[in-house]
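In this text the structure is predicted, and so the values were computed from the model without any measurement. Each ligand, and each atom within it, is numbered from 1 in the order the structure gives.
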Amino acid sequence: MNASALPGEDAAPPAVRLQLDADGRLRHLLTLEGLSRTQLLDLLERAEALRAASDNGAKPLDLLHGRTVVNLFFEPSTRTRTSFDLAAQRLGATVINFDIASSSTVKGESLIDTVHTLEAMRCDAFVVRHREAGTPARIAARLRSAAAVLNAGDGNHAHPTQGLLDALTLRRHRPDFTRLRVVICGDIRHSRVARSDAQALVALGAGEVRLCAPPELAPDAEELPMCRRFHDFDEAIAGADVVIMLRLQKERMHSAAIPSEADYFQRYGLSAARLARAHPDCLVMHPGPINRGVEIASAVADGPQSLILEQVANGVFVRMAVLAELLAPRRAP
Ligand code: CP
């Protein structure tokens, strides 16, 4: 895992401890690692309450009225960035979508100086996506105010709101996780989603989490010890109740030699024929963006077992719940 420091910065502090206050309450959301089942369920229940309020026609809530949320995205994003923006707006916050390319970052201002500058303007939360694992934790450790940091994906380390929204989506279809056999298949080595999904599923009591990847894209041996490992997708998917497919993270591949896309699809792609090896009611998930014909066939991505667009919809409610928890922790819903 890439945990190297940014130029001039310290090594990443431990996200697991840093995100909790002295009473064990969430102060930032940096990772799902170490969060209890109760903490995860509280966030999921809060997301459900916010969904219910939205379904009942509630207009934008004022839970975060007067608060300012900054989206600091140093990597591209469609789903996460847009849904954090919508979530904050629907809670009544002011949102700044910080434009890195036109900011003083290009004049050499460091990330920490940028954050301190925004803190001086009384920004209350920083939603951070960065290619370097540990960057959100590094920011959280250097804050000078009571602002919150929300990890929107850091390298291959964590994507905690994706883990939560995937759990929320799955729970709406399969409320009892205890007998679920869940397969996560694809480029697990480079995937922050795989790590956060596995942590959420295990904490919420999933019966079995199977990781399936080509040897060159499998995680290190000591990582994710609570999961079963496979290299043969036909074996891994047999009898599965849920399949979570992952994109090849080419932007994070330095040396891993992967076969051609056609070859990859042949061995690790989710085709209708391969899905037929799973349980007949098997659910199909993918965090997006999807690469059709590389890790998943269009017929499956758009088929009746696919939850892909439900995942997207749930992302807004989960991000509302997390923002509310961190910035308005004691107010309903
Ligand atoms: N799933 C996800 O993080 O998608 P984006 O990169 O579009 O935000």
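- By the ring-ring contact (aromatic ring centres under 6.0 Å, His included) test, Y268 is found to be paired with Y264, residues two or more places apart in sequence or in another chain being considered.
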Contact table ligand 1 N or O to protein N or O, d under 3.5 Å:
from	atom 1	to	atom 2	distance (Å)
ligand 1	1 (N)	Q162	OE1	3.1
ligand 1	1 (N)	P287	O	2.9
ligand 1	1 (N)	G288	O	3.1
ligand 1	3 (O)	T80	OG1	2.9
ligand 1	3 (O)	R129	NH2	2.9
ligand 1	3 (O)	H159	NE2	2.9
ligand 1	4 (O)	R79	NE	3.1
ligand 1	6 (O)	R129	NH1	2.9
ligand 1	7 (O)	T78	N	2.8
ligand 1	7 (O)	R79	N	2.9
ligand 1	7 (O)	R79	NE	3.1
ligand 1	7 (O)	R79	NH2	3.2
ligand 1	8 (O)	S77	OG	2.6
ligand 1	8 (O)	T80	N	2.9
ligand 1	8 (O)	T80	OG1	2.6
ligand 1	8 (O)	R129	NH1	3.4
ligand 1	8 (O)	R129	NH2	3.3

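- A salt bridge links D302 with R292: the distance from a Lys NZ or Arg NE/NH1/NH2 to an Asp or Glu carboxylate oxygen falls below 4.0 Å.
- Residues R195 and E33 are not paired through a salt bridge, judged by the lack of any N-O separation under 4.0 Å between the basic side chain and the carboxylate.
- For A158, the side chain to side chain contact (heavy atoms under 4.5 Å, CB included) criterion is met by T31, N151, D154, P160, S196, not counting sequence neighbours.
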Going by atom type alone, with no hydrogens or angles, which donor-acceptor pairs under 3.5 Å involve a side-chain atom of residues 232-239 and a protein atom two or more places apart or on another chain?
from	atom 1	to	atom 2	distance (Å)
D232	OD1	D234	N	2.8
D232	OD1	E235	N	3.2
D234	OD1	R274	NE	2.8

Practice prompt. Any chance you could lay out the side-chain contact (heavy atoms from CB on, under 4.5 Å) test for E295 and L270, step after step, and finish with the verdict?
Written response: CA-CA 6 Å; E295 73 270 4; L270 187 58; over 6 Å; no
